[in-house]
Amino acid sequence: MKQLFYLAFALLLAAVAPACGDDNLEAVSPPPEVPDQPEPENPTTPDISVAPAPDAWDGVKRADVSYQLLIYSFADSDGDGTGDFQGIRSKLDYLDSLGVSAIWLSPAHPAMSYHGYDVLDYEALNEDYGTEADFKQLIDDAHAHGIKIYMDWVINHTGKNHPWFRSALTDPESPYKDYYILSDNPRADIAAGLIPMIATEGANGYDAGQWFSAVTSDENVHRLKFTLSWSATPTLTVEEVETVENTGTRNSGKYLYYGEGNCEEFYTQGNNVYTLSLEFESSWGCLVRTATGDDWGTGKKYGAASSSATLQYGTPLTLKANTGSFDPADIQLPYMRSTMYHSHFWTDWFADLNYGAADQCAESPAFKTICKAAEKWIDMGIDGLRLDGAKHIYHNASSSENPTFWNTFYTTLNDYFHAKGHTENIYMVGEVFDDYAAAKPYYRGLPALFEFAFWYRLKDALNNGSGNYFAKNISDYREGYAAIRADYIAATKLTNHDESRARTDLGGSLDKAKQAAAVLLTANGSPYIYYGEELGYVGNKEGGDEYVRNPMKWGDDATTKGIAPDKLDAGMANVPDVMEQVSDSASILNVYRTFSRLRNTYPALASGKMEVHPVYNSENASYKSIAAWYMSTEEQRMLVVHNFSSLNANVPLSEDIDKTVGKLGKVTATTAADGKILLQMGSRSSIVFLLK
Ligand code: MG
């Protein structure tokens with residue numbers, strides 16, 4: 001038997017490495033020893049039907065499949081066109097049919113924007129979504145379906161209209177002053193080490209994120225007169241005035257650029273002097289230009305010589321023009337140095353919360369209040385949190401500050417979770433929107449991280465028709481995580497609400513999108529499905545976020561009206577709704593359902609170790625299109641084979657196959673005289689075997 005095995009292996013090597021002569025075969029390491037198998041008394045042709053015959057699922061959701069949905073776009077229960085808690089509740093059977101055991105809800109709190117990532121109250125719920133009673137009912141019913149609820153927790157910043165922030169800015173006695181990063185002179189304060197959240201970036205100085213003037217509200221508009229003296233070295237003088245009044249002719253060809261894209265032309269006064277009075281409001285300052293629109297060409301943009309050049313009311317500031325190598329700094333008005341606030345997301349819409357030094361964050365008032373708010377929802381029954389912008393809390397994303405912060409946050413709430421009687425740990429998954437190397441260190445702080453690298457590698461592999469590196473990449477990542485945290489959870493995913501739809505990234509190909517699903521659900525990890533991916537949604541993020549946040553197509557009156565009905569990829573018209581896809585056995589929805597069920601059925605697929613295939617791997621250039629790996633527990637071993645190419649591939653197998661349990665696309669098999677199997681894998685096909 002063993003001799004037969006070696007012979008088969010040698011034949012196989014000859015097949016996979018046609019460039020190698022027989023002589024070279026001697027140099028190849030022999031296959032691993034395998035125990036002798038007893039010869040069957042009456043040898044028969046093995047049954048290698050590729051028609052899937054999976055075992056019956058015992059109903060245990062062991063696969064840890066989560067579902068990401070946007071509350072406003074998912075399902076509407078009351079006919080107002082906006083998704084809500086009761087709408088989600090009405091679709092729990094649907095989520096059950098997808099085999100999911102957790103839902104990540106988009107931010108549920110009152111907020112400034114439709115998406116909710118600019119929270120106004122962490123202890124309340126958005127009224128459009130329902131009441132606390134509705135939310136509680138959703139949690140309880142989800143639990144009855146074996147589905148956990150994760151809330152989106154956005155604590156890098158609040159919205160700029162959060163009552164804490166308004167109080168901090170307007171009330172000298174405000175208890176919220178320490179909740180934010182405020183400074184009358186950020187540059188000096190950073191240099192002096194007075195802002196612990198930016199301490200490790202002190203050397204980089206002012207540009208650690210972005211500072212915005214707190215004095216930009218409507219009640220506090222500044223009436224200013226700008227005087228431009230035009231010469232070889234032009235100057236700008238600014239004065240505060242009682243009333244806004246302009247004289248002269250408006251044909252100067254010189255403009256003041258400020259605020260939200262505002263561009264106002266100066267009035268000509270003669271003798272190369274130009275003036276402009278206006279009610280000025282800008283979070284960043286101004287520039288002088290000699291062109292409007294998108295023309296920022298050389299010599300047409302004038303600003304300060306450097307970001308440290310300061311303008312004083314009544315004192316001329318020398319302007320410098322842009323050249324090929326020099327870009328002038330924004331001109332900051334004196335009032336802007338009164339109070340500034342910090343936002344790391346480069347928008348004045350958000351105000352960053354202040355947690356102080358990372359190793360002492362638990363002592364900061366903001367931290368205590370945020371944890372207290374989370375306790376409310378834990379008390380109501382939620383099972384975990386998805387942590388927004390996890391790499392942005394501290395501004396040096398590669399330092400140990402963020403993992404230290406998150407470890408403190410996780411430990412604090414996990415202790416509370418246990419104190420409330422839970423035996424499991426609380427679940428927390430961090431959004432470190434980055435590739436493998438940047439994300440990995442965050443396992444020092446958190447049990448779970450989204451694996452953006454999974455999609456980056458898979459997208460490229462599917463688009464290149466090249467699968468042989470995939471298992472090695474993913475397995476290597478697992479080793480990297482395990483070195484930091486033994487019980488790491490790699491939250492694999494295709495795309496989310498901040499990325500183009502998976503199918504769009506795959507050139508619109510439904511077949512590739514189906515295979516991406518099959519890979520997600522047969523590889524190691526804890527997969528997330530972003531709503532709509534299971535229907536084959538398309539949408540390009542470059543057109544705007546709304547394109548990847550369209551309403552779920554239910555085919556019934558639960559369908560929401562959407563946040564921007566005009567921002568719909570043309571291809572969406574061709575995406576069948578849920579009702580249509582349920583009844584189509586070839587639909588992408590049924591691919592998701594089938595492979596999710598398979599993952600829930602077999603512990604090896606659900607949580608097994610992923611091993612690179614000994615033959616079809618990154619070393620094997622003769623089978624570049626094949627992505628193959630084992631998934632194994634101590635009791636169970638599965639073989640997963642995907643052909644990422646649009647071309648057929650013949651794949652000889654040496655494994656001792658029990659039966660086929662899953663298949664996508666066209667796969668046939670023949671048995672060679674030696675009893676081994678030759679797979680004929682069609683375009684973008686996949687197959688999963690249970691091994692003996
Ligand atoms: Mg509604």
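Both counts, for ligands and for their atoms, begin at 1 and track the order of listing.
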Just grab all the ring pair (Phe, Tyr, Trp, His ring centres under 6.0 Å) pairs involving residues 490-513, residues at least two apart or on different chains. W104-H497, Y117-H497
Side chain S73, main chain L70, donor-acceptor under 3.5 Å: no
Of F450, Y410, Y481, the one forming a ring pair (Phe, Tyr, Trp, His ring centres under 6.0 Å) with Y443 is Y481
In chain order, what residues pass the salt bridge (charged side-chain N to carboxylate O under 4.0 Å, His left out) check against K514, with sequence neighbours excluded? none
Pairs involving residues 551-587, ordered by first then second residue, that meet ring pair (Phe, Tyr, Trp, His ring centres under 6.0 Å) (sequence neighbours left out): F74-W554, Y94-W554
Keeping D76 on the side-chain end and G81 on the backbone end, is there a donor-acceptor pair under 3.5 Å? yes
Have a look around the Mg ion (ligand 1) and list protein N/O/S atoms under 2.8 Å, or say none. D76 OD1, D78 OD1, D80 OD1, T82 O, D84 OD2
